Structure formats: C-alpha cells, structure tokens
*Asks:* 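Okay, handing you the structure first.
Only a predicted model underlies this, so the values are computations on that prediction, with no experimental measurement involved. By convention in this document, chain letters (A, B, ...) are assigned in the order of the sequence lines, proteins followed by strands, and residues within each chain are numbered from 1. Scope of the values below: all heavy atoms of this structure, side chains included, with no hydrogens, waters or symmetry mates.
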Amino acid sequence: MAHGWFGRKKIPAAGAGAGAGIPEGLWTQCPKCKEVLFAREWERNLKVCLKCHHHFWLTARERIEMLVDPGSFAELDGSLVSANPLDFPGYADKLRRHGEKTGLTDAIVSGEALLGGHPLTLAVTDAHFMRGAMGSVVGERLTRAVERATARRIPTLLVSGSGGGARMEEGLLSLMQMAKTSAALARHNQAGLLSIVLLTDPSLAGIMASWGSLGDILLAEPAAQIGFVGERVSAQATLGKAPANFQSAEFQLQHGQIDLVTPRKDLRDTLQRLLAFAGNASAGAAA
Amino acid sequence: MAHGWFGRKKIPAAGAGAGAGIPEGLWTQCPKCKEVLFAREWERNLKVCLKCHHHFWLTARERIEMLVDPGSFAELDGSLVSANPLDFPGYADKLRRHGEKTGLTDAIVSGEALLGGHPLTLAVTDAHFMRGAMGSVVGERLTRAVERATARRIPTLLVSGSGGGARMEEGLLSLMQMAKTSAALARHNQAGLLSIVLLTDPSLAGIMASWGSLGDILLAEPAAQIGFVGERVSAQATLGKAPANFQSAEFQLQHGQIDLVTPRKDLRDTLQRLLAFAGNASAGAAA
Amino acid sequence: MAASIAEIERLIAELEEQIELVKRRTREQGEDRNDAIQALEGQLTRLLEQTYANPTGWDRTRLARNPKRPFTLDYIRLIFSDFLELHGDRLRADDGAIVGGIARLNEQWVTVIGHQKGRDAAERHQRNFGYARPEGYRKALRLMRLSEKFHRPIVCLVDTPGADCSVGSEENGISESIARNLHEMFLLRVPVIVVIAGEGGSGGALGIGVGDRVLMLENAIYSVIAPEGCAAIVWRDARRGEEAAEKLGLTAHNAHRFGIVDEVVQEPLGGAHRDHDQAARTLKTALERHVSELQALDTDTLLEQRYARFRRLGVFQEGPAG
Amino acid sequence: MAASIAEIERLIAELEEQIELVKRRTREQGEDRNDAIQALEGQLTRLLEQTYANPTGWDRTRLARNPKRPFTLDYIRLIFSDFLELHGDRLRADDGAIVGGIARLNEQWVTVIGHQKGRDAAERHQRNFGYARPEGYRKALRLMRLSEKFHRPIVCLVDTPGADCSVGSEENGISESIARNLHEMFLLRVPVIVVIAGEGGSGGALGIGVGDRVLMLENAIYSVIAPEGCAAIVWRDARRGEEAAEKLGLTAHNAHRFGIVDEVVQEPLGGAHRDHDQAARTLKTALERHVSELQALDTDTLLEQRYARFRRLGVFQEGPAG
Ligand SMILES: [Zn+2]
Ligand SMILES: [Zn+2]
C-alpha cells in the first residue's frame, strides 16, 4: 500500500490538525499527545501520529490520493460553484476566503477512479472548506457522482469530513440536499449496487442524517467525531449524561451504527475486500 | 355488535378465569377484583368483569362466535389429531384428558368466516387445551389456514391464547412449527395480503417468537400477558429489575411491539376498519 | 410591521373581549347593539389585516409556534374520519412525538402521520414537545410501508422544532432513522403528500417530509436551523433570532419561490389558531385535490416525478468545465 | 454407557498425559519407545471408541456444551479466508453474542453468521455466554440482506443455549426479532446453509436457523427446551436433565430421523473439541458440496424447496373429515 502518497508534492496545510507554534515543513506536533513528529515520517504514516495513533485531518485530495489506485482519479463537475441565493450576509466573502485557503472551489471533490482495479465513483467532502458543510454544490456534485455510478452500474464511495452538516447560509436549499442525495442513493441501492461510506473526523448533523448513514457499509476512522448534533448546538441542548466516548466512532460502533472502525492504514485492504464481495454488478444476477 | 353471543348455548367452563368456590351457572367471581358477578350480565359483557374490566379467558369457540359474523364460520382441518412421535411419557394421556375437558381435538380451532362481510380465514388457539402450546397439529392447522388465505387472496386473522408456547412433548417438531407457520405468513405477506394477530391472555414464548409477532397489525386485549419467556422458566432466569407491568399488553405497547390495546367490546369495530383499509386485495393493484 | 406582535396580539385580544361583552349584553338586555358590534368587528378585521398584511419571518415563526395553533391530532379530527391510531416501531418503543394511523379522507382510506406537540404540560412532556426520537421516525416508516402494501396514499403533517438530540436518541441512531426515511420515502409506491403545518424544523421535519407534493401553511415555517440557533452561530447571540429569521428565508413564500414547496395553503385571517375549523377546511380541500391528481398517475410516473421534484433543488453556477 | 462421562474424560486426559510424557522422553533421551507409544495410543483409541460408541442424549449435551469445543470464530478462522467482521444492527447496538461478516469459502465469497460463546471469563461476559439479544438477530438479518443484495450464499453457525431473556431483551423485542428473522429467511433469494454446530437452544437457535440445508454436527444438540428446563417443568426438578435429554430427542440422529436435519457431520473421535482442525476440515468439505449444489438451482426452485422443506415438518394423524 505504501506508494509514497505524500512525498511527491507540496503538502497542503493540515488545517485544524496542525500544531501551532512548530515551524511547518520539517516538524509537526500531534494535537492529541503533543508529540513532535518528523514530518516525512508522519506523512509516510498517512498523517497518523506515530505515538498515539491520532488520525490527523486530510484534505479531500490527500484522501483521494491515499485511497485510489495511483493516477486513476479523474475529477468531475469541478466547474460547479456556489451562488448566494439568499444574499446571506458574508457568505460570498466566506466562500472566496475558504477557496483561497484550500485551493478548492467548494467543500467536496468528486470523480471517478479505480480501487484495487475496481472502477467506482467517489465524492469526498473536505472539512477545511467551511467544515465541509453541505450546500447546493456539495449536494449536486455528490448526487452526480452517485447517479453516474448508477448509470455505469459500479460502486460508489462517499467520504465524509463534514463537521458542519448543513450550510445554513443557503437556508432550506441546504436542507434539501439531504433529500436529493438520499434519493440518488436510493436509486443506486435499488439497482443492486454497492455503496460504501467512510466517516472521518468530523461527520455531523445533516450529513449523518442523510448520505452519511446510507451506505451498504459504513466505515469510520478511529476516534472520528460522528453524531447528529454539532458542537455549538449541542452545547445549548440538554444532552443528559453523555458517556466519555460520546459521538466517537467507537461509540457509534458500540451502538450498532457503523460496520467497522478501520485504521487509516487498513482502509484500502478493507475496501478491496468489500468491492470483491460485491463483485461485478452487471454480471451478478446469478444466485 | 351485541348479538347475544353467550346467551344461546351452554357455556363451557371459563377455565383458569373462573373463580373457585362460587357455584357455577348463576354467578361467577372475578379472579382479579373478587367481585361476584351475575353470570348472564357478565356474559352479555363478553366475559369482561363489570367492575374492574378484567378480561376472562374465552374458549376458541367463544372467541370465534364473538368475532365473526353470526353463522359465517366453517371449521376446517378438524380431523387432524396429535400423534406422540417421541413416545413422550404421559403425552397421550394428557391429550385425551384435555380433549375431554375442552371438547376440542387440539389447542386450536381454524376455518373460514366473514367479518363485517369481509371473507377471511382464521385460527384461534385455546389456552384451556394444554395452555395452547404449539405442537404439530396447532402448527399444521394454522399453516393451512394461512395458506388457504393466500390461495384465496383474502386476509387471515390469528388469535393467540397460547401460554405454553412450544409443546415440549413433541420436542424439536414443536420448534419447527415456528418456522413452518412463519413461512406461510411470509408467503401471505409477499402476496400483499393483510394478516392481523390478536394476542389474548396468555401469549408467550414460541408463539410470540413466530406467528404471534408477524401480523401486519398486532392487537392485544387489555392486561393480557404477552412475552418471550413463560412463567416457570422466567422464575429460573435472572430477569433483572422488571417493571410492574412487565410482559403485559400495555408494556408491549409502550415498547413498540403492538399496534393497539383494544378492549374486547371494540374488537369487531377495530377489525372492520383494518379490513376496510386493506381493501380487496385481488382488485387492489391500483395506486 | 412596526409594533411588536406581542403588543398587537394584546390589542386584538382586548377588542375580541369587548365584542364578546357587547354581544352578551345584547343577549341579556335585548337591546339592539348591532351597529356597535359591527363597528368593533370592522375595527378588529382591519387590525388583523394590517397586522398580518406583511408579516416578517419572525412574525411567522411566532405564529408557527403558537401553542393554540391546530396540531396534527386536531387536523386529523377535523379532516379525516374513522381514524385508528397505530402505535410502535416494532423495535423498542412508541414515540409520542409522532402519531400515525389509518383514516378516511371522504371515501378514500389513507395513512396519516404527523409530529404531535402537546397542549398542556402533561401532554407536552408525553410528546417530548414534538421533538421526535428515532422510534418515532421508525414508527412512521413502518406505517408508510403498511400503507404502501395496501396501495393507500400517505399524508404527512410536519410540525416539529427539530429531532430529539438527547444522548438516548444518539444512542438509538437518530441520524440513521432520519436518513433511512429519506431513502425509503423515495421508493414508496403510493402517493405521498407532505404538509408543513406548523414548525418545519430541519432534519426532524424532513424525516417525514419527502413526498410527491409538499404543501405549506401560510404561516408555517420551514428552516434548516432554528433562527435562534443560526443567530447563536453567526453572531454568537441566540437573542438575535429575529434577524436570523429574515436571513434564513424560512417562510412559505420563500420555500415556494425555490420550488421546495408546491403550494401555499391559506390560513384564516390572523392565523390558523384563530379558527381551527376554517384552517382544516382549506387544508382538506387542498388534500382532496392533490390526492386525486396523484392517484391518476401510474406508479412509475409517480416515482419518476418525485425523484425529479427533489433532484432539481439547489442553486449554483456551472462554469466551463475546469 | 455405564461410567459417567466425567470419570471417563479424566481417564482419557490421564492417558493423553502419559503419551505426551513418553514422547517427550523419546525426544530428550533418543531411545526408541515407539512400541510403548503405539500401545498407549491404541488404548486411548479403544477407550474413545468405547466411550463414544453409543453416547446418550445427555452425553451429547455435555459434549455440545464443552467449553473447548470449536466456536463460530474458530470455524470461521479454520474454514474461510479474508474474513471481514461487520458490526451492528444499525438501530441501537452491536451484540457480541452473534458475529457475522463476509469471507471466502475457497474462491466463493459468502456471508458467515453465527452465535459466539466466549472462551475465557471476559469474553464470556462480552458474548453474553452466547445468549443473543434482539440486536444480534437484527444484525444477522441486516447482514443476510447485504448478502442477498450481492447474490452471495449465507452460512449460519448455530451455537447458543437460547435467546437472551433479560428484561432489556424483552423491552427491545426479542420475540419480534426472532419471528422477523424466520419470516425473512424464507424470502432470501440466495442459498442459506445452517449448521447446528454446538448447542441448538430453541428459538434462539432457530432465529438464524432457517435454510435450504440444515447440517448438524454429530455431537451437537438441538432442542425445543433445555433438558434442565424440561425436567423442571415435567418433574419440577431441574436436576433430572439427564432423563429429559433422552425424552426430548435432541440428538443429531433424532433430528435427522424427523427430516429436521439434512445431514449429520462427523466429528473427530471423542468430539470436535479434541481436534478443531479435523472438525473444521470435515465441515468445510460438507459446506463446499452444499454450496455448489444449491448454486446450481435457480432462485425460484431454491425458494420453493426451502418452503417445502420446512412445510412438511410435523407428525400428526389425519382422520376422516370431522
Ligand atoms: Zn499523538
Ligand atoms: Zn373484576
């Protein structure tokens, strides 16, 4: 699996995962255990802390590079960009700032690729861009990726790093993306095709109440925050007595919501077994 | 609804429901509130205590007479009788004794009838006969009733008064009746037909883990004992802290297991609404 | 409007009291005070018209949350007959925040499902203030499948501040339960009509909100987030809900503008809470029309249109392929 | 047999120890003690043959419950490759008493599901001693549907004293969860092979026990009620389980006689716990044969035969119409 994913080009900032005060480039600090890590080693370890196994955030492009067969990814629908249908104050500016910061046109990258030789479509949300919140562009790109998989009778892989859930700046239109993406998955499912959802830190709210919960298989990275109510809202809600691991991947596993908690290094192997199990859908009608 | 169900012929003994020490015939005593009830009044009240609304046990024949349109019931498969395949000690004798006591050939009466003009098949287990436990004959008669409903494309109504669950004297053959009856219901369901289960006191164990839980609609009489583990077994099991209404119809309602707790006097009306809702299956393909 | 809705509602209540008083005196004393009554009633109507001529998003929010507004069980009682409530998710509980059952709309059997808020303290507690739990969404789905089995249309009445977000609901899969409903509602082979009747609170509303037609009462709100929650995030001040309500575009008018709602159902002057019967009659007429229109479609067309209806929702720009 | 199985097992253990000792000496000291070893091994084989020539129902019960017997995860490890365990019912929990996942049987991908008992105290607790909860049956059903979606055969390994009957399981619908599985398993459009591998405890066993073929290991038991429970009811004395075991006909031989089991799978001499590898090899061969036979059938025939297989179970007399 180690084909030097992060050695080949300039690494984007690791966002919320990057330690503060440590000169970037040679060293990075683990925000969880505070260990100072040699950057090349940390990158070779898929941006997982060598000491405490903390899984740092990845950008959507890093994630794709890590998961799919080298050189196989072809991006689609990159030309879709957000409008500001409600003239929500500050939204246009926010979009521009986040675009500049991340080099993305919105909080998602989607396209086609091969994984272990299996063709699939994929869509990956990126928490560095407005915490991955789902507006019209996220919903549309993801829906197109799923629809394309249905049309081509291939699996789809959806990766969530969507801490914001819905994008309130787009109001109800944002909420409707939950229905739209679920509709696309319903058709993909009805066509007998495999969908896999990978939940990474953070995966919350509207994402989880729609496509984030709708894979045939749900995988999660260790310790990823996964839940219905986001941080700020939950601080206002009466939560009752929450267990220590509340809304962690492990909590969701224990409560039957996900199939597996899979360390980053095992993801490709796990995905390949699942793809092999599902087989070739177009030839799969034999019992 | 009141068409004098119990005034017309000799009333069979009310079994476990009948009070002891009160001369039978003119008076009966409520086992729950101890009220002494004038038998004719109690019968006109469908054998429900006039004071505390305790629902006495009914025999299968009383139940059928109470539920279906007068004169519409035609019994089927009455000629099936139990064998003693394991040569279980005392079984043959027990069958004979219970047959004499109840006038039944086994713990179930099944057949066809009309209810509010709707044709249906029905099967009613009778707790007076070996607590309604399901042996080969109970399983076979019930399966045939369901299969006949499937063939005729009509609803089926299954009434449980089966406190014993499985009939251990028939060993594994008894267990297999759970599978057999469930299979028949699966086919009936798949054909788009309505099945209604009415759970009366007591409904336990193997019945509940098969056809007793498999109606499109589950109704229960007030305060009926309904649950997975029967009394004697549960006394041995570590039950943890059971709530006061454990295994009552109301407990099961609260836990989402049944649709409605319906007083005996409302059963016919409720059933007729459900039958009207389900409509005529053979003509029902229109959206 | 200038004056706060609270002030104006006090004025309205005073006028109504006065009218009632004069009417009673007329009855008791036999004098003809019709002129006075008509004058007062005219005054009331003008005040209502003025007040509700151009209500803001925040006004609507207050109306949508008015505890005297008709709730799901009120609409069921006033619109349908032979209602038989059915309970339970067949898994672990019966959630009081969502009710459902079979009923007749005139001669047509349907399944009706809706969020239910409580009117008095005890019922509010029993209904969890209309915040539905996973068990509620799963009960709803069970009843929808029952309806599908017997080819009966489904009517969903939406009126919730949002889905329950307690630890217990998280433990029992609140996200999954809503997501599952979205998935399954696109596959139901019978007509589904959704009515945003009161509060349409985010995912909790949408969890029974996918249909062939989505109607919305004039003063109902439908929002991705409660205005107070939005204000808390944007300005870190939950008290600026009024401002947020305007920005979020949570009114029926706005939802209709973006194609999220197909029809706005008129309410009695001053709001549905002022005349339950009239509100129900208007809604019933709309339901009759939509049920009959949808029943005329064959199932494939129905499903195709339902998909297309939601598929086109979203506003974005598509540049040259980049 | 006359002596108690406990006594004989002590004898067997002593003999095995002796053989091991002589072998070690041979290695250490280089002397040829093959004659002695062969004599001892012959003695052991005769003892085992004698002991297990005609075991009673109670002997089988003890063997089936032997904590050293291979459990589901042992069989999975020894028979299948690329096993990927999948968790959760997608409703509220992941039950440790039932495990399941995808795996390959040689080149064929299948889904394997089974009850799992624990070997040490901690695992026993985690597995609830193999007493499955509603969440376990619902997880099993979810995985079966996944397998059906991708046209993969299903293998179920049964090894449970019974379903969990705690208050919690009653609250979460243990009856419904088993009943639902019975219903759904008759509709699965892929081959299902059930193996009664250890204890087949009543409804808890049957909850994953409907299939096109039901195999049963030679010393497994399958019973409508635990012998001790039966004794408690019939004689009001749970200690008379040995007697009850005979009456209940819970052996593989009996189950086969009544058509409840299609094939009895031979165990290594002395029981599967004496040689996990050998037990797994025999079972694997049987599974290969049945999977390949069933895959040759078209789906309608498969479902028809599954129905017919269970439909004929039952023994009764049919007199002239009464
Ligand atoms: Zn670390
Ligand atoms: Zn009484």
Side-chain angles (χ1 to χ4, degrees), chain A residues 78-83 85-90 105 135-137 139-140 143 166-168 170-180 182-187 189-190 205-206 208-214 227-229 232-234 236-243 246-247 251 255-257, chain C residues 163 165-187 200 202-207 209-210 222-225 228-230 232-234 236 238 244 247-250 254-255 258 260-261 306-307 310-322:
Chain A
S79 67
L80 300 186
V81 292
S82 286
L86 299 181
D87 288 321
F88 202 94
T105 49
S136 296
V137 169
E140 182 70 20
T143 299
R167 194 176 290 185
M168 65 181 177
E170 296 190 19
L172 260 192
L173 288 166
S174 170
L175 189 72
M176 291 301 124
Q177 306 311 307
M178 291 170 61
K180 189 164 97 178
S182 300
L185 279 165
R187 289 200 160 187
N189 186 12
Q190 219 180 16
M208 291 313 300
S210 63
W211 57 268
S213 290
L214 289 176
F228 182 60
V229 175
R232 291 201 212 164
V233 181
S234 80
Q236 298 183 297
T238 308
L239 277 172
K241 275 174 224 153
F246 188 62
Q247 287 193 337
F251 168 91
H255 286 288
Q257 299 303 313
Chain C
C165 57
S166 64
V167 171
S169 280
E170 188 76 68
E171 288 174 338
N172 291 308
I174 183 68
S175 299
E176 191 277 344
S177 69
I178 292 173
R180 185 65 46 204
N181 280 16
L182 301 185
H183 182 284
E184 294 301 306
M185 289 182 86
F186 278 104
L187 303 176
S202 195
L206 190 61
V210 169
Y222 197 5
S223 183
V224 69
I225 186 168
E228 295 88 342
C230 176
I233 293 173
V234 177
R236 309 213 169 234
K247 307 299 179 202
L248 284 167
L250 43 59
N254 246 307
F258 288 113
I260 292 161
V261 152
R306 191 186 304 156
Y307 187 84
F310 283 87
R311 179 64 188 86
R312 64 173 171 263
L313 298 180
V315 173
F316 50 83
Q317 290 156 11
E318 189 153 17

*Asks:* Could you tell me whether the side chain of C:Leu206 reaches within less than 4.5 Å of the side chain of A:Met176, counting heavy atoms only?
*Replies:*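 Heavy-atom side-chain distance check passes, below 4.5 Å.
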*Asks:* Check C:Arg312 with A:Glu140, please: is the shortest side-chain N to carboxylate O separation under 4.0 Å?
*Replies:*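 No, this pair does not count.
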*Asks:* If the condition is side chain to side chain contact (heavy atoms under 4.5 Å, CB included), which residues does C:Ser223 pass it with, not counting sequence neighbours?
*Replies:*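 For C:Ser223 the side chain to side chain contact (heavy atoms under 4.5 Å, CB included) partners, ignoring immediate neighbours, are C:Leu248, C:Leu250.
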*Asks:* Please find the pair of heavy atoms, one from A:Met178 and one from C:Leu182, that lie closest to each other, and give the distance.
*Replies:*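 Of all heavy-atom pairs spanning A:Met178 and C:Leu182, the closest is O-CD1, 3.7 Å.
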*Asks:* Which heavy atom of C:Ala179 sits nearest a heavy atom of A:Ser213, and at what distance?
*Replies:*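 Result for this residue pair: CB-CB, 3.7 Å.
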*Asks:* Check A:Leu173 against C:Gly314 and note the closest heavy-atom contact, atom names and distance.
*Replies:*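 Nearest pair, atom of A:Leu173 first, then C:Gly314: CD2-N, 3.8 Å.
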*Asks:* How would you list, by chain and number, every residue that makes a ring pair (Phe, Tyr, Trp, His ring centres under 6.0 Å) with C:Phe186, sequence neighbours excluded?
*Replies:*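 Result, ring pair (Phe, Tyr, Trp, His ring centres under 6.0 Å) vs C:Phe186: C:Phe310.
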*Asks:* I need the minimum non-hydrogen distance between C:Cys230 and A:Met168, along with the two atoms involved.
*Replies:*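 So the two residues come closest at SG-SD, 3.7 Å.
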*Asks:* Do C:Phe258 and A:Pro85 touch side chain to side chain, with heavy atoms closer than 4.5 Å?
*Replies:*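 When only atoms from C-beta onward are counted, A:Pro85 and C:Phe258 do touch, with a gap below 4.5 Å.
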*Asks:* Which heavy atom of A:Val229 sits nearest a heavy atom of C:Cys165, and at what distance?
*Replies:*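 Distance-wise, the nearest heavy atoms are CG2-CB, 2.9 Å.
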*Asks:* Pick whichever of A:Val137, A:Asp87, A:Asn189 has the most heavy-atom pairs under 4.5 Å with chain C.
*Replies:*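 Winner by heavy-atom pair count: A:Asn189.
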*Asks:* Against chain C, work out which of A:Gly135, A:Ala183, A:Gly139 has the most heavy-atom pairs shorter than 4.5 Å and name it.
*Replies:*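 With the most close heavy-atom pairs to chain C, the winner is A:Ala183.
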*Asks:* List the atom of A:Phe251, the atom of C:Glu170, and the distance in Å for their closest heavy-atom pair.
*Replies:*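 For A:Phe251 and C:Glu170, the tightest heavy-atom pair comes out as CE2-CG, 3.7 Å.
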*Asks:* Which one wins on heavy-atom pair count under 4.5 Å against chain A: C:Gly203, C:Ser202, C:Ala205?
*Replies:*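 When all of C:Gly203, C:Ser202, C:Ala205 are compared, C:Ser202 has the most.
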*Asks:* Give, for atom CG of C:Leu187 and atom CZ of A:Arg187, the distance between the pair rounded to the nearest 0.5 Å.
*Replies:*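 Here the rounded value is 9.0 Å.
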*Asks:* A side-chain contact here means heavy atoms from C-beta on lying under 4.5 Å apart; do C:Asn254 and A:Leu172 qualify?
*Replies:*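 Of all side-chain heavy-atom pairs linking A:Leu172 with C:Asn254, none is under 4.5 Å.
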*Asks:* Top residue by heavy-atom pair count (under 4.5 Å) with chain C, among A:Pro243, A:Gly212, A:Ser182?
*Replies:*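 Greatest number of close heavy-atom pairs with chain C: A:Ser182.
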